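Beneath this line is the structure, given in structure tokens, with notes to follow.
What you are looking at is a predicted structure, and each value in this text was computed from that prediction instead of being measured. Numbering of ligands and ligand atoms starts at 1, following listing order.
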Amino acid sequence: MRKSIIAGNWKMYKTINEAIDLANGLKREFFKLDFASVDVVLCPVFTALSEVAEVLNETDIGLGAQDVYWQDEGAFTGEISPVMLKDSGCQYVIIGHSERRQFFGETNETVNKKIKASLKHGLTPIICVGENLQERESNNTFKVIQDHIKGSLQDISADDLLKTVIAYEPVWAIGTGKTATPDQTQEVHKYIRDLLRKMYNQETADSIRIQYGGSVKPENIIELISKSDVDGALVGGASLKVESFSAIVIQASEVKK
Ligand code: PGA
């Protein structure tokens, strides 16, 4: 059985004090949460990581960054290394988010380097893949997904793959209020799992967790996560408020599959 994982991607929102407030609010809400049935991860901006780590200290709530560079250190102005993320208290890192692919030149090749560097330092990569609207409308969804998966996972062993999480995020559903239907989501998640079965083996494909991301809200989490191949959610907008994110996490923790 795969344990669900819900991650909040705070994107470029929240000053340090606002991030501390949000983390404290969530910590209170999750005081009684059954962490045996769900993993929870918060992904603030880089500048708030250490402070949020302090708030989350001695809780079961995980901490993640939103990006990483692949070198340990060096003359790479503006970049942050996996060593530095560990140093700030992170256990997770989002890699290859569509906004990074779209606005900052992220490619499957850079995603692959970032995954390897993160694994080397014991960070759990949350690897994002997903098609845009034009690709979906021209029936290229599976082709794009295959490209993202094969390119991003080049030379990653089955053992290492099991230390990652995959996030299927259709670009047309991100921040648009348009959620993929549970059936559309299940269809792509199953495609990803079948592809991983071919690339690796049955056991690996059965064990890896695949999250859905794109306008996840308290109102749609149950029907999404009830699908057999949907193992959690990567939440953007609705992760910025205590009420909405805690409602998503608590409902997810109660879904028995
Ligand atoms: P959204 O963002 O929930 O605001 O659509 C999801 C994401 O980009 O990870």
Task: Selected option - heavy-atom contact closest to atom 5 (O) of ligand 1, from Gly175, Ser239, Gly213 - done: Gly175
TODO: Just go through Lys11, Glu169, Gln211 and tell me whose heavy atom is the nearest to atom 2 (O) of ligand 1.
DONE: Lys11
Task: Gly236, any N or O under 3.5 Å of ligand 1 N or O - done: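 Such a contact does occur with ligand 1.
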- [ ] Ignoring angles and geometry beyond distance, decide whether Gly237 reaches within less than 3.5 Å of ligand 1 through its nitrogen or oxygen atoms.
- [x]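 Yes, Gly237 has an N/O under 3.5 Å of an N/O on ligand 1.
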Going by the atom numbers of ligand 1, which of them fall below 4.0 Å from some non-hydrogen atom of [X]?
{"X": "Ser215", "value": "1 (P), 3 (O), 5 (O)"}
{"X": "Ala173", "value": "5 (O)"}
{"X": "Gly214", "value": "5 (O)"}

Task: Lys143 NZ: over 12 foreign heavy atoms closer than 6.0 Å - done: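 Atom NZ in Lys143 is not crowded, with 12 or fewer foreign heavy atoms closer than 6.0 Å.
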Open item on the list: For the residue pair Lys114 and Trp70, would you count it as a cation-pi contact if the rule is NZ or CZ under 6.0 angstrom from the ring centre and within 45 degrees of the ring axis?
Closed with: no
- [ ] Could you walk me through whether Tyr191 and Gln146 pass the side-chain hydrogen bond (donor to acceptor under 3.5 Å, both in side chains) test, one step at a time?
- [x] CA-CA 9 Å; Tyr191 175 81; Gln146 185 180 105; 3.1 Å; yes
Heavy atoms, side chains only, cut-off 4.5 Å: are [X] and [Y] in contact?
{"X": "Val45", "Y": "Trp10", "answer": "no"}
{"X": "Pro218", "Y": "Gln251", "answer": "yes"}
{"X": "Leu153", "Y": "Leu196", "answer": "yes"}

TODO: Answer with side chain, backbone, both or neither: which part of Asn9 has a heavy atom less than 4.0 angstrom from an atom of ligand 1?
DONE: side chain
Open item on the list: Under a 3.5 Å threshold, yes or no: a donor from one side chain and an acceptor from the other, between Ser4 and Asp231?
Closed with: no
Open item on the list: Taking a cutoff of less than 4.0 Å between a non-hydrogen atom of the residue and any ligand atom, is Ala238 in contact with ligand 1?
Closed with: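 It does not; every heavy atom stays at 4.0 Å or beyond.
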Task: ligand 1 contacted by His97 (non-hydrogen, < 4.0 Å) - done: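 A heavy atom of His97 does come that close to ligand 1.
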